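First the structure, in the form of structure tokens, and then the observations on it.
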Amino acid sequence: MTTRTVDTTHELAAFLRARREGLDPHDFGLPSRRRARRTPGLRREEVAELAGVSTDYVVRLEQARGLRPSADVVEALARALRLAPDERAYLFNLARQRPRNADKPATTATPPLARLVADLSPLPTMLMNHRYDILAWNSEMANLLLDFDTLPPRQRNAMWLCLMHPGIRDLYVDRRRVVREGVAHLRAAWAAYPDDRALTDLIAEFTAGDEEFARLWAERDITVNGRGSKVLRHADVGVFAVDFEVLTPLQDPDQRLVVYRAADDASQSALDRLCARG
């Protein structure tokens, strides 16, 4: 048995044909045609009309004649064919184009993820978006960091807390590394979400208000760590270490689940004492 690499041009052609033929013309409210339909789905000229491109262009794409559609054309075809998010991503990959983020950035926790945050107790857990806005948390994370309910929504941002909040500024033993990793994440998010005005404004605020952030931002480091450890100095239980894991749900890729675990037995004892405070 041999395995071939993907011929993206031919797979793009086959995928477009399959999705076009799988559509029901009645769902689009298309006008009746004089000639009967001999094949299932939409006609090429109908897809072309819906996408705002020429029929000849659609024909050449479906015949794998070497075209590489632009990102705008891929987006138009995805809308015309009513592709689901995963199908849209597949089409962009085949066209070797980078999709624009179709959905608005998450500003509230998706209910299943909010329940998962609670269910992961007693592990300190929180849910964030790409801006580091904290969308949900469990009581263990609140005991570890602070009571997020006491903060205005605008200040419920992990980077803002690390830079601006006195209690959180002093929490991290290796604060410089934590800030550096946070800046790298925000720079990567800034490139992935170039139209996110709120993110741009947040970065401008940090750059103007914190010299360390401004210096690190200028270095253009984009090394993002989804796994690692942090040493914390907590006022109630002293110094201890946690390992962290950052998970991205497939259904909600703009939301990130952050889970802390004790790094050793002594740290587990410290976390247990924090959790016992209720």
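The shown structure was predicted, so the numbers you read here are calculated from the model rather than taken from an experiment.
In the hydrophobic clustering of this structure, Leu91 groups with Val73; members are Ile, Leu, Val, Met, Phe, Trp, Tyr whose side-chain heavy atoms approach within less than 4.5 Å, directly or through other members. Under the 4.5 Å side-chain heavy-atom criterion for ILVMFWY residues, a single connected hydrophobic cluster contains both Leu146 and Val178. Leu145 and Val259 end up in different hydrophobic clusters when Ile, Leu, Val, Met, Phe, Trp and Tyr side chains are linked at under 4.5 Å. Under the 4.5 Å side-chain heavy-atom criterion for Ile, Leu, Val, Met, Phe, Trp and Tyr, Val53 and Leu16 are members of the same hydrophobic cluster. Hydrophobic clustering keeps Leu127 apart from Trp137 (ILVMFWY residues linked when any side-chain heavy atoms are closer than 4.5 Å, directly or through intermediates).
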Show, in sequence, the C-alpha distance, side-chain angles and deciding distance for Glu62 and Arg17, and conclude whether the salt bridge (charged side-chain N to carboxylate O under 4.0 Å, His left out) test is met.
CA-CA 6 Å; Glu62 290 195 0; Arg17 286 195 305 272; 5.2 Å; no

Step by step, would you call Arg79 with Arg88 a side-chain contact (heavy atoms from CB on, under 4.5 Å)?
CA-CA 9 Å; Arg79 287 196 303 267; Arg88 174 180 174 271; over 6 Å; no

Verdict with supporting geometry, Arg215 and Glu219, salt bridge (charged side-chain N to carboxylate O under 4.0 Å, His left out)
CA-CA 7 Å; Arg215 177 179 59 80; Glu219 292 181 6; 3.4 Å; yes

Which is it for Leu202 and Asn157 under the side-chain contact (heavy atoms from CB on, under 4.5 Å) test, yes or no, and what are the steps along the way?
CA-CA 10 Å; Leu202 192 66; Asn157 178 279; 3.5 Å; yes

Set out, in order, the CA-CA distance, both residues' side-chain angles and the distance that settles side-chain contact (heavy atoms from CB on, under 4.5 Å) for Leu81 and Leu42, then state yes or no.
CA-CA 9 Å; Leu81 296 171; Leu42 299 187; 5.5 Å; no

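Heavy atoms from other residues, nucleotides or ligands lying under 6.0 Å from CD1 of Ile222 number 12 at most. Heavy-atom neighbours of Arg227 CZ from other residues, nucleotides or ligands within 6.0 Å: at or below the threshold of 12.
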Distance-only donor-acceptor hits, side chain of residues 161-170, under 3.5 Å, sequence neighbours excluded:
{"residue": "His165", "atom": "ND1", "partner": "Gly167", "partner atom": "N", "Å": "3.1"}
{"residue": "Arg169", "atom": "NH1", "partner": "Leu163", "partner atom": "O", "Å": "2.7"}

Quick one: side chains of residues 182-192, donor-acceptor pairs under 3.5 Å with protein atoms, not counting sequence neighbours, listed by atom name and distance.
{"residue": "His185", "atom": "NE2", "partner": "His130", "partner atom": "O", "Å": "2.9"}
{"residue": "Arg187", "atom": "NE", "partner": "Trp217", "partner atom": "O", "Å": "3.4"}
{"residue": "Arg187", "atom": "NH2", "partner": "Trp217", "partner atom": "O", "Å": "2.8"}

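Residues Ala51 and Ala76 approach most closely at O-CB, 3.4 Å, considering heavy atoms. Minimum interatomic distance between Val74 and Ala95 (heavy atoms only, all atoms of both residues): CG2-CB, 3.6 Å.
A salt bridge (Lys or Arg N to Asp or Glu O under 4.0 Å) with Glu212 is found for one member of Arg175, Arg180, Arg177 and no other, namely Arg175.
For the residue pair Asp56 and Ser54, no side-chain donor N or O sits within less than 3.5 Å of a side-chain acceptor on the partner. For the residue pair Asn225/Glu181, the side-chain donor-acceptor check at 3.5 Å is satisfied.
Annotation: cation-pi pair Arg82/Phe28 present, NZ/CZ under 6.0 Å from the ring centroid and within 45° of its normal.
Side-chain contacts under 4.5 Å among hydrophobic residues (ILVMFWY), followed directly or transitively, place Leu250 with no other residue at all.
Applying the salt bridge (Lys or Arg N to Asp or Glu O under 4.0 Å) test to residues at least two apart or on different chains, the pairs with a partner in residues 196-208 are Arg131-Asp196, Arg154-Glu205, Arg197-Asp201. Evaluation of the ring pair (Phe, Tyr, Trp, His ring centres under 6.0 Å) test over residues 222-242, restricted to residues two or more places apart or in two chains, returns none.
Side-chain atoms of Arg156 do not come within 3.5 Å of backbone N or O of Leu135 as any donor-acceptor pair. Judged by distance alone, with hydrogens and angles left aside, the side-chain atoms of Gln155 form no donor-acceptor pair with the main-chain N or O of Trp160 at under 3.5 Å.
In this structure, the side chains of Leu257 and Val117 come closer than 4.5 Å at one or more pairs of heavy atoms.
A search for side-chain contact (heavy atoms from CB on, under 4.5 Å) contacts involving Pro122 returns Glu140, not counting sequence neighbours.
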